[in-house]
Amino acid sequence: MSKLELKGVSFKYPRGKRMIFQNVSETFESGKLTTIEGESGVGKSTLLALLSGLALPTKGGLFMDGEPVRDLTEYRRNIAATVAQGNHLFEGRTVLENVMYPMLLKGEDPAAAKKKAAEYLSDVKLDEELLTHFPSECSGGEQKRVAFARAMALNNPVILADEPTANLDKGTSRAVADILCSLAHDHGKLVIVVTHDMFLPERADVRLYLRGGVLEHE
Ligand SMILES: Nc1ncnc2c1ncn2[C@@H]1O[C@H](COP(=O)(O)OP(=O)(O)O)[C@@H](O)[C@H]1O
Ligand SMILES: [Mg+2]
């Protein structure tokens, strides 16, 4: 079992006036889906950026299985995979090529990467005829599925997502919630999701709130 820990984390943007977090400590476990809720501007995306290895805490640290995370490039390549709010898919590549990309980056043989990419896209229930389409030819919900398949292709133990159901209809939001639950419960991933969705937190194993710079358990 893996665990990811925030220990005494405080954070202030270099050009920011206020501390966004004050002494936050929390442990996240593999096989569990954790949701983090909170009002707009409270610091949810900032917290996810710290957990994604995109920024270092001003004070305190991030620990994976008890070891301090120091090399953020290595952390992003081998530990954490993030689905950004805007998906950040490569527009010049097809859906299949988008999902193959992390595997090719890790030195996987192209034929094997292609086969696995198709499997990941099938796991997220993307229509097979979209594999040769470009992201701009897919709906918001389809793009979100592709973004999750690409995150899965990194084969990292931690999966993070920022507001993955924002701007999606109810049915598609439910499908994204199914993907998140499956990642945690069937694939044993450590899944952390920032959300202000009304329904997604009901499916979570651990439900947290970010309020006034502090993480609270419900
Ligand atoms: N690069 C930055 N520099 C300074 N302040 C920032 C920066 N990015 C975000 N902020 C501020 O940090 C606070 C938290 O932002 P954010 O994490 O995006 O909130 P949330 O995702 O909960 O809506 C906001 O007050 C925002 O204005
Ligand atoms: Mg945000």
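One-based numbering, in listed order, for ligands and for the atoms of each. Positions are given from 1, in the same order as the sequence printed here. Values below: every heavy atom of this structure, side chains too, minus hydrogens, waters and symmetry copies.
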Just which atoms of ligand 1 are under 4.0 Å from any heavy atom in Ser45?
17 (O), 18 (O), 20 (P), 21 (O)
pair Thr94-His133: side-chain heavy atoms closer than 4.5 Å
no
Where is the tightest heavy-atom contact between Leu160 and Ala80, given as atom of each residue plus distance?
CD1-CB, 4.0 Å
I'd like to know: is the Mg ion (ligand 2) within the 2.8 Å range of an N/O/S atom from Ser45, strictly under that distance?
yes
Heavy-atom contacts with Lys44 under 4.0 Å: which atoms of ligand 1 show up? List them by number with element.
17 (O), 19 (O), 20 (P), 21 (O), 22 (O), 23 (O)
Enumerate the atoms of ligand 1 whose separation from the nearest heavy atom of Ser40 is less than 4.0 angstrom.
23 (O)
Hey, does Gly43 come in under 3.5 Å of ligand 1, counting only N/O atoms on both sides?
yes
Do Leu62 and Leu4 touch side chain to side chain, with heavy atoms closer than 4.5 Å?
yes
Counting heavy atoms only, which of Tyr13, Phe11, Phe21 comes nearest to atom 8 (N) of ligand 1?
Tyr13
Please compare Val194, Thr46, Asp162 and report which has the shortest non-hydrogen distance to atom 17 (O) of ligand 1.
Thr46
Could you check whether any side-chain heavy atom of Glu26 comes within less than 4.5 Å of a side-chain heavy atom of His217, counting everything from C-beta outward?
yes
Is a side-chain N or O of Thr27 found less than 3.5 angstrom from the main chain of Glu5, in a donor-acceptor match?
no
Looking only at heavy atoms, is any part of Ile20 under 4.0 Å from ligand 1, and if so is it the side chain, the backbone, or both, or is it neither?
side chain
Is atom 13 (C) of ligand 1 less than 4.0 angstrom from some protein heavy atom?
yes
In terms of hydrophobic clustering (I, L, V, M, F, W, Y; side-chain heavy atoms under 4.5 Å; direct or indirect links), are Ile79 and Leu72 co-clustered?
yes
Any side-chain heavy atom of Lys32 sitting closer than 4.5 Å to one from Met1?
no
Ser52 side chain to Leu54 main-chain N or O, any donor-acceptor pair under 3.5 Å?
no
With heavy-atom distances below 4.0 Å as the criterion, list the atoms of ligand 1 near Arg18.
13 (C), 24 (C), 25 (O)
Between Val42 and Leu210, which heavy-atom pair has the shortest distance, and what is it?
CG2-O, 3.5 Å
Distance-only N or O hit between ligand 1 and Gly41, under 3.5 Å:
yes
Give the atoms of ligand 1, by number and element, whose distance to some non-hydrogen atom of Glu39 is under 4.0 Å.
22 (O)
Specify whether the nearest protein heavy atom to atom 27 (O) of ligand 1 is under 4.0 angstrom away.
no
